[in-house]
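Here the structure is laid out as structure tokens; the discussion comes afterwards.
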Amino acid sequence: MEYFVKSGNPEKQRVACLIVGIFDRRSPSPAADTIDKASGGAISGVMRRGDMDGKLGTTLILHNVSGTFADRVMLVGLGRERSFDEAAFRKAVAASSRALRATGAIDAASYLTHLPVRNRDFQWNVTQAVLTTEDLFYRFDECRGAKARADIPSPRLERYTFDVPRRSDLPGGERGLAEASAIATGVRLAKDLGNLPGNICTPTYLAEQARKMAGGSGIKTRILEQEDMERLGMGALLSVARGSRQPPKLIVMEYLKGPKGDKPIVLVGKGLTFDAGGISIKPAAAMDEMKFDMCGGAGVFGTMAALAELKLPLNVVGIVPASENLPDGAANKPGDIVTSMAGITIEVLNTDAEGRLILCDALTYAEQTYEPAICIDMATLTGACVVALGSHASGLFSNTSSLGRALLTAGEQIGDRAWELPMWPEYGEQIRSEFADIANIATKGAREAGATIGAVFLQRFARKMKWAHLDIAGTAWVGKKASGRPVPMLVQYLLNVAARRGEP
């Protein structure tokens, strides 16, 4: 589907569907009021009869409205005008997209992007409208049979225009469209990778996708094989891979379009393509969802894809340690001690706390290879983060307050929120080991602050870097579907960095 930004009168739009909003208590938005006057009261009549009262998320489609050139006029409930905020805007756009998908319209023009949202501009409106629409129209059918795919009806919509009030708003709207299109590309890739089953999306498959991304995108890809990791001393990562017949991969994607000599921003994502828990095996219920344990890595892939589309003048490196975690005669056993690339020894008290084991070696590799300006890792790390924050916000930890604030701000801007949790020194006492430098789970207070304990473990391998950790265990998938998060937050963060660097 193609998206456009225009500025024009609603009654003059020659489209299959024109979309306008109605506030609660039958109060038309300015665009709806214009259509009502042009049609001699068609919308007023509908509201008077009680078919549309403006409740948030409701929709009604009118056909052949006189005084307009549109085949259909869709009325969308906006809720109370005084309460109309970012969440209400997204709900209204989602409702209109859902209803639009069910029509036979091949093109549409939405005037919901005219609506004022407190502290937001029309660029934001367009960005959110595109992202919300893309999310509603996304489907994953790659694993269905050829006949089943052929029988799935495709949406007929080909062209979707978001209108802005004035011609002077067009540049901002077009920027919003360009940024949203790139973010949507990245989110779609992250969703696709996350939704693939573990027998297809293996570490080798991820490595192949990274190689494909390198063609003409400005991204250079390097894959470290098991022998390379052995030579580097990545004993923590390799210990997890020992339980699998799939060879591990350390995937490195370089996008170096910033000033020569500038230290890069490094993104590290957990690429555990299936997690059965190893010897500390997980319960069978919902274990199928452990294909999503590579969504941190998928987030890196998606962010790199969006970055290449935007052509931002930055140096960014994506690193994905990829493995499986399965029970096998060679697998980690509780009580085993492994030596990380950093030389720190780790007592593996629970083999299901494996994400931190593969990430710690990737963090050391990032530090020693790139000396990053910033390092951000992301992982479906702890169930404790799901208990703490649910599916609405990712957990954020950082050793640099300005970096933490920048990520929180980016998340609020784009609607991919995080919440910062503490990493006080006292928590470090909880991963002391009797036999090694540290343990991979808490050795005291075992049921306390699980998300923080995972972050504190990783912090031991990021002390020389400005570093942040995103625990996306609650946000990377919803139900049985990947969400594509935290791609929007990371891309918005990179956009903000590029904008700041471009200031005089």
Side-chain angles (χ1 to χ4, degrees), residues 3-100 103 105 107-126 128-130 132-133 159-170 172-173 176:
Y3 294 101
F4 303 91
V5 176
K6 290 184 179 178
S7 181
N9 298 327
E11 75 279 12
K12 295 180 180 178
Q13 301 306 306
R14 295 182 181 274
V15 289
C17 188
L18 179 71
I19 302 168
V20 296
I22 305 291
F23 286 106
D24 197 9
R25 301 187 180 181
R26 305 170 188 174
S27 175
S29 65
D33 189 53
T34 298
I35 295 298
D36 190 49
K37 289 174 180 174
S39 64
I43 294 177
S44 298
V46 166
M47 292 192 294
R48 191 167 50 249
R49 289 189 292 271
D51 292 335
M52 166 55 72
D53 58 10
K55 290 289 188 293
L56 181 60
T58 57
T59 59
L60 179 68
I61 295 177
L62 310 178
H63 293 267
N64 302 316
V65 176
S66 62
T68 73
F69 294 122
D71 297 335
R72 307 165 182 82
V73 174
M74 182 191 297
L75 308 181
V76 181
L78 305 176
R80 289 179 177 270
E81 190 167 3
R82 286 185 304 172
S83 305
F84 192 75
D85 58 8
E86 297 174 10
F89 179 83
R90 294 188 190 100
K91 286 180 182 178
V93 172
S96 67
S97 297
R98 194 177 294 111
L100 187 58
T103 72
D107 61 358
S110 175
Y111 281 73
L112 300 183
T113 39
H114 278 223
L115 298 168
V117 180
R118 184 175 297 175
N119 298 323
R120 299 301 182 192
D121 56 18
F122 296 113
Q123 177 176 336
W124 184 91
N125 285 11
V126 171
Q128 292 300 315
V130 173
T132 302
T133 302
R159 298 179 300 279
Y160 200 174
T161 298
F162 297 105
D163 205 90
V164 291
R166 298 169 296 273
R167 293 187 63 83
S168 59
D169 298 317
L170 284 172

Between atom [atom1] of [X] and atom [atom2] of [Y], what is the distance when rounded to the nearest 0.5 Å?
| X | Y | atom1 | atom2 | result |
| --- | --- | --- | --- | --- |
| S96 | Y111 | OG | OH | 14.5 Å |
| L75 | R26 | CG | CZ | 13.0 Å |
| I19 | T161 | CD1 | OG1 | 10.0 Å |
| L112 | L78 | CG | CG | 6.5 Å |
| M74 | M52 | CE | CE | 10.0 Å |
| Q123 | D169 | CD | CG | 11.0 Å |

For [X], all residues meeting side chain to side chain contact (heavy atoms under 4.5 Å, CB included), sequence neighbours excluded:
| X | result |
| --- | --- |
| R82 | R80 |
| R167 | L170 |
| A70 | V15, L18, T68 |

May I have all residue pairs that pass ring pair (Phe, Tyr, Trp, His ring centres under 6.0 Å) and include part of [range], sequence neighbours excluded?
| range | result |
| --- | --- |
| residues 12-45 | F23-F84 |
| residues 28-61 | none |
| residues 45-78 | none |
| residues 28-57 | none |

Tell me, please, which residues at least two apart from D53 pass salt bridge (Lys or Arg N to Asp or Glu O under 4.0 Å).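 By the salt bridge (Lys or Arg N to Asp or Glu O under 4.0 Å) rule, D53 matches K55.
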According to salt bridge (Lys or Arg N to Asp or Glu O under 4.0 Å), who are the partners of R159, at least two apart in sequence or on a separate chain?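 Partners of R159 under the salt bridge (Lys or Arg N to Asp or Glu O under 4.0 Å) test: D107.
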Nearest heavy-atom neighbours spanning [X] and [Y]:
| X | Y | value |
| --- | --- | --- |
| A129 | F89 | N-CE2, 4.2 Å |
| G8 | Q13 | C-NE2, 3.8 Å |
| T59 | V76 | CG2-CG2, 4.3 Å |
| G173 | V126 | O-CG1, 3.5 Å |
| T113 | F122 | O-CD2, 3.2 Å |
| G21 | A32 | O-CB, 3.4 Å |

Is the backbone of [Y] close enough, under 3.5 Å, to the side chain of [X] for a donor and an acceptor to pair up by distance?
| X | Y | result |
| --- | --- | --- |
| S7 | V164 | yes |
| T103 | L100 | yes |
| N125 | L115 | yes |

Give every residue pair that meets the salt bridge (Lys or Arg N to Asp or Glu O under 4.0 Å) criterion with at least one member in residues 4-14, sequence neighbours excluded.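 Pairs touching residues 4-14 that pass the test: none.
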Going by salt bridge (Lys or Arg N to Asp or Glu O under 4.0 Å), name the pairs with one or both residues in residues 108-121, residues two or more places apart or in two chains.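 Counting only pairs at least two positions apart or across chains, the salt bridge (Lys or Arg N to Asp or Glu O under 4.0 Å) contacts touching residues 108-121 are E86-R120.
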Yes or no on side chain to side chain contact (heavy atoms under 4.5 Å, CB included) for V93 and T133, after CA distance, side-chain angles and deciding distance? CA-CA 7 Å; V93 172; T133 302; 3.9 Å; yes
H114 and S29: CA distance, side-chain angles, deciding distance, side chain to side chain contact (heavy atoms under 4.5 Å, CB included) verdict: CA-CA 9 Å; H114 278 223; S29 65; over 6 Å; no
Show me the donor-acceptor pairs, under 3.5 Å and distance only, between side chains in residues 34-45 and residues at least two apart or in other chains.
residue : atom : partner : partner atom : Å
T34     : OG1  : P30     : O            : 3.0
D36     : OD1  : A42     : N            : 3.4
D36     : OD1  : I43     : N            : 3.0
D36     : OD1  : S44     : N            : 2.8
D36     : OD1  : S44     : OG           : 3.2
D36     : OD2  : S44     : OG           : 2.5
K37     : NZ   : D33     : OD2          : 3.2
S39     : OG   : I35     : O            : 2.9
S39     : OG   : D36     : O            : 3.1
S39     : OG   : A42     : N            : 3.1

